[in-house]
J.: 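Handing you a structure now.
Residue numbers start at 1 and run along the sequence shown.
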Amino acid sequence: MQTGGIHLTTCAALATVTALAAVPAAPALAVGPGAATPAAAPVTRAAGPSAGVSQPGVRPATGTARSKAPAVPARAAFVYEPATGTVHLSKQATRRMPVASLTKVMTAYVVLREARLDDTVTVTAADVKHAARNGATHASLRAGERLTVRDLLYGVMLSSGADASHALARVYGPGNARFVAKMNAAARSLALADTGYANADGLPKPKPGYSTAADQAKLADVALRDPAFRVIAATRRHVVAKTKVHRAHVWTNSNKLLGKTPGALGVKTGYTDAAGYCLSFAADRDGRRIIGVILGDSKSERRFQTATRLLDWASGQAPGPAAL
């Protein structure tokens with residue numbers, strides 16, 4: 001999209017984050033209509049001393065000394081391990097701000113609960129105009145094409161297509177307003193207390209909505225438990241062969257960690273002038289899943305470089321003990 005006092009907590013020791021521990025862990029998501037909403041994994045351990053500035057819900061704890069965290073130029077960031085709740089890094093992680101196309105993670109999550117992957121959606125002129133009118137990234141869809149939900153989700157997650165997300169919201173709301181209501185209901189059920197969605201794509205019109213680095217990391221954890229989402233988010237390139245009902249499409253993932261950073265699982269990129277360059281990312285390293293979010297970087301490439309350094313650093317730290 002072309003419409004788009006820093007506090008850093010590094011890990012000197014482990015501490016408990018009670019503010020994020022309110023929801024229990026949940027099993028993998030079911031795919032299809034009527035699937036139950038899982039609770040987000042608890043975040044119960046955090047990095048220790050906060051440079052003399054206290055954080056709500058964080059209390060110091062003694063533990064093994066840890067190496068210094070990499071610098072994070074972005075406005076906000078959060079890195080943690082859902083399995084243990086270990087928070088490796090927290091910088092303005094509960095500050096509400098626009099998250100651009102990271103919004104589409106929730107869009108995909110809701111669609112996977114409402115639809116069957118083999119359902120067919122007919123693209124309308126309104127879907128195409130929505131992306132064009134807002135100067136948004138698109139999946140090159142044309143009115144009259146009929147594509148499966150599965151393929152449209154690739155268009156949403158890989159090429160960040162506002163046309164694809166509009167089509168899905170239109171059908172599975174039905175309509176944008178009802179779909180956004182479902183997004184916000186899902187956010188409440190997942191205890192994302194600092195998240196409010198205004199549309200299905202993160203565009204600034206009519207308003208951008210808001211979230212936090214911590215909430216988006218929790219959402220990524222839940223979304224990655226869905227096998228369909230996990231496959232789509234980690235796909236580097238998706239080809240849709242031409243048929244009688246749609247054109248050929250080739251969508252390339254905008255997440256540059258894939259294929260370069262060991263264990264990378266993808267997730268989502270985003271940009272608007274207001275949100276800056278954003279990135280939700282995850283990787284599996286030596287049996288440990290590490291999830292991070294970067295919000296508000298001023299340089300596109302730097303968010304990927306920072307994420308790589310954070311994953312390498314966090315995977316080298318001793319994981320925290322299981323939550324008490």
J.: When you look at F281 and I291, which way does the side chain to side chain contact (heavy atoms under 4.5 Å, CB included) test go after all the steps?
T.: CA-CA 6 Å; F281 59 95; I291 293 177; over 6 Å; no
J.: Between atom OG1 of T137 and atom CG of L158, what is the distance when rounded to the nearest 0.5 Å?
T.: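 T137 OG1 to L158 CG: 12.0 Å, rounded to 0.5 Å.
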J.: Kindly indicate whether the side chain of T252, heavy atoms from C-beta on, has any atom under 4.5 Å from the side chain of R236.
T.: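 No. Closest side-chain heavy atoms not under 4.5 Å.
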J.: Answer yes or no: are there more than 12 heavy-atom neighbours, outside H246 itself, under 6.0 Å from its atom NE2?
T.: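 Check passes, neighbour count above 12.
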J.: Using 0.5 Å steps for rounding, measure from the OH atom of Y277 to the OH atom of Y271.
T.: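 Reported value, rounded in 0.5 Å steps: 4.5 Å.
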J.: Would you say CZ of R247 has more than 12 non-hydrogen atoms from neighbouring residues, nucleotides or ligands within 6.0 angstrom?
T.: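 Result for CZ/R247: enclosed.
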J.: Would you check if there is a donor-acceptor pair between the side chains of S211 and Q216 at a distance under 3.5 Å?
T.: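 Per modelled atom types, Q216 and S211 side chains form a pair under 3.5 Å.
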J.: Are L102 and L224 connected, step by step, through hydrophobic side chains (Ile, Leu, Val, Met, Phe, Trp, Tyr) whose heavy atoms are closer than 4.5 Å?
T.: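 Cluster IDs for L102 and L224 differ.
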J.: Is there side-chain contact between V149 and V111, with heavy atoms separated by less than 4.5 Å?
T.: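 In contact.
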J.: Taking the side chain as every heavy atom from C-beta outward, state whether Q92 and L295 have any pair of such atoms under 4.5 Å apart.
T.: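 They are not in contact (no side-chain heavy atoms under 4.5 Å apart), so the answer is no.
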J.: Side-chain heavy atoms under 4.5 angstrom apart, residues restricted to Ile, Leu, Val, Met, Phe, Trp, Tyr: same cluster for L117 and L152?
T.: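 They do share one cluster, since a chain of ILVMFWY contacts under 4.5 Å joins L117 to L152.
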J.: How long is the span from the OG atom in S159 to the CG atom in L141, to the nearest 0.5 Å?
T.: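 If I round to the nearest 0.5 Å, the distance is 8.0 Å.
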J.: Looking at every non-hydrogen atom in both residues, tell me the closest pair between L89 and P70 and how far apart they are.
T.: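 Reported closest heavy-atom pair: CD1-O, 4.3 Å.
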J.: Please report the closest heavy-atom contact between S280 and A220, naming both atoms and the distance.
T.: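 Heavy atoms only, the tightest pair is OG-CB, 3.7 Å.
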J.: Grab the two heavy atoms, one from V222 and one from Y109, that are nearest each other, plus how far apart they are.
T.: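 Taking every non-hydrogen atom into account, CG1-CE1, 3.9 Å.
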J.: Would you confirm whether K91, through its side chain, and V72, through its main-chain N or O, come within 3.5 Å as a donor-acceptor pair?
T.: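 Yes, K91 side chain to V72 backbone: donor-acceptor pair under 3.5 Å.
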J.: Is a side-chain donor or acceptor of D163 paired with a backbone partner of H138 at a separation under 3.5 angstrom?
T.: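 Not a single qualifying donor-acceptor pair exists.
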J.: For a quick test of reading the model, state the closest non-hydrogen atom pair linking L192 to D215 and the distance between them.
T.: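 Between these two residues, the closest heavy atoms are C-OD2, 3.3 Å.
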J.: For S67, is there any backbone N or O sitting under 3.5 Å from a side-chain donor or acceptor partner on W313?
T.: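 Indeed, once roles are kept as given, a pair shorter than 3.5 Å links the two residues.
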J.: For the pair R289 and E81, find out whether any cationic side-chain nitrogen is under 4.0 Å from an anionic carboxylate oxygen.
T.: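 Looking at R289 and E81, the cut-off is not met.
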J.: Could you report the tightest heavy-atom contact between F229 and V105, atom names first, then the distance?
T.: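 Scanning both residues, the minimum pair turns out to be CZ-CG1, 4.0 Å.
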J.: My understanding is that only residues two or more places apart in sequence, or in another chain, count here; which of them pass salt bridge (charged side-chain N to carboxylate O under 4.0 Å, His left out) with R96?
T.: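 In terms of salt bridge (charged side-chain N to carboxylate O under 4.0 Å, His left out), with neighbours along the sequence ignored, R96 is linked to D194.
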J.: Taking atom types as modelled, is there a side-chain donor on T261 or T308 under 3.5 Å from an acceptor on the other?
T.: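 Checked: T261/T308 side chains pair up, N/O donor to acceptor below 3.5 Å.
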J.: Would you please classify the geometry between the F78 ring and the Y80 ring as parallel, tilted or perpendicular, with 30° and 60° separating the classes?
T.: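 Tilted: the ring planes of Y80 and F78 meet at 30° to 60°.
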J.: Can you check side chain to side chain contact (heavy atoms under 4.5 Å, CB included) on D201 and T103, steps first, answer last?
T.: CA-CA 6 Å; D201 44 42; T103 297; 5.8 Å; no
J.: Would you say the side chains of S160 and K268 form a donor-acceptor pair under 3.5 Å?
T.: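 Yes, because at least one side-chain N or O of S160 sits under 3.5 Å from a partner of the opposite role on K268.
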J.: Under a single-linkage definition using a 4.5 Å side-chain heavy-atom cutoff for Ile, Leu, Val, Met, Phe, Trp and Tyr, are F304 and V293 assigned to the same hydrophobic cluster?
T.: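 F304 does not cluster with V293.
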J.: Ignoring hydrogens and angles, tell me if any N or O in the side chain of N199 forms a donor-acceptor pair with the backbone of K207 under 3.5 Å.
T.: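 Checking the backbone N and O of K207 against the side chain of N199, a donor-acceptor pair under 3.5 Å is found.
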J.: Should V123 and V245 be regarded as members of a common hydrophobic cluster, given that ILVMFWY residues are connected when their side-chain heavy atoms come within less than 4.5 Å of each other, either directly or indirectly?
T.: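 No; V245 is not reachable from V123 via cluster members.
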J.: Does any part of the side chain of R237, heavy atoms only, come nearer than 4.5 Å to the side chain of N253, both counted from C-beta?
T.: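 Result no, sub-4.5 Å side-chain heavy-atom pair not found.
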J.: Side-chain donor-acceptor pair under 3.5 Å between T122 and E145, yes or no?
T.: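 Absent: no donor and acceptor within the cut-off.
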J.: Do the side-chain N and O atoms of R302 and S298 include a donor-acceptor pair separated by under 3.5 angstrom?
T.: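 The answer is yes; a qualifying pair exists.
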J.: Looking only at heavy atoms, what is the nearest atom pair of Y197 and T195, with distance?
T.: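 It is CE1-CG2, 3.4 Å.
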J.: If you round to the nearest 0.5 Å, how far is NE2 of H166 from CG of N134?
T.: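 Separation between the atoms: 9.0 Å.
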J.: Given E301 and K256, is the side chain to side chain contact (heavy atoms under 4.5 Å, CB included) satisfied, shown in steps?
T.: CA-CA 9 Å; E301 291 299 316; K256 296 183 179 180; 2.3 Å; yes
J.: Under 4.0 Å between a side-chain nitrogen and a carboxylate oxygen: does that hold for D119 and R150?
T.: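 Salt bridge flag = no for R150 with D119.
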J.: Mind running side chain to side chain contact (heavy atoms under 4.5 Å, CB included) on R288 and T84 for me, showing each step along the way?
T.: CA-CA 9 Å; R288 297 161 58 189; T84 62; over 6 Å; no
J.: For the pair T148 (side chain) and D151 (backbone), establish whether a donor and an acceptor sit closer than 3.5 Å, ignoring hydrogens and angles.
T.: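 Looks like yes, one N/O pair under 3.5 Å.
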J.: Is there side-chain contact between T306 and P73, with at least one heavy-atom pair below 4.5 Å?
T.: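 Side chain of T306 against side chain of P73, heavy atoms only: contact under 4.5 Å found.
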J.: T107 and K104: side-chain donor and acceptor closer than 3.5 Å?
T.: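 There is no such pair (donor and acceptor under 3.5 Å, judged by atom type) between the side chains of T107 and K104.
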J.: Under a 4.0 Å N-O cut-off, is there an ion pair linking R230 with D226?
T.: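 The answer is no: the pair does not qualify as a salt bridge.
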J.: Hey, is the main chain of N255 close enough, under 3.5 Å, to the side chain of T269 for a donor-acceptor pair?
T.: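 No, because the side chain of T269 does not come within donor-acceptor range (under 3.5 Å) of the backbone of N255.
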J.: Check whether R75 reaches the backbone of A275 with its side chain - one donor and one acceptor, N or O, closer than 3.5 Å.
T.: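 A pair under 3.5 Å: yes.
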J.: Taking R170 for the side chain and N176 for the main chain, is one N or O donor matched with an acceptor at less than 3.5 Å?
T.: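 It does not hold such a pair.
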J.: With a 4.5 Å cut-off on side-chain heavy atoms, are M106 and L219 touching?
T.: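 Yes; the side chains approach each other to less than 4.5 Å.
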J.: Between CE of M157 and OG1 of T235, what distance do you get to the nearest 0.5 Å?
T.: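 Between M157 CE and T235 OG1, I get 10.0 Å after rounding to 0.5 Å.
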J.: Would you find a donor on one side and an acceptor on the other, under 3.5 Å apart, between the side chain of R178 and the backbone of G175?
T.: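 Judged by distance alone, no pair lies under 3.5 Å.
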J.: Would the distance check show the side chain of D127 and the main-chain N or O of T124 forming a donor-acceptor pair, the cut-off being under 3.5 Å?
T.: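 Yes.
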J.: Looking at side-chain heavy atoms only, is the closest gap between L279 and L257 below 4.5 Å?
T.: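 They are in contact (side-chain heavy atoms under 4.5 Å apart), so the answer is yes.
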J.: Less than 4.5 Å apart, side chain to side chain, heavy atoms only: is that true for L147 and V240?
T.: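 L147 reaches V240 side chain to side chain.
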J.: Do V128 and F179 land in one hydrophobic cluster if side-chain heavy atoms of ILVMFWY residues count as linked below 4.5 Å?
T.: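 Shared cluster, yes.
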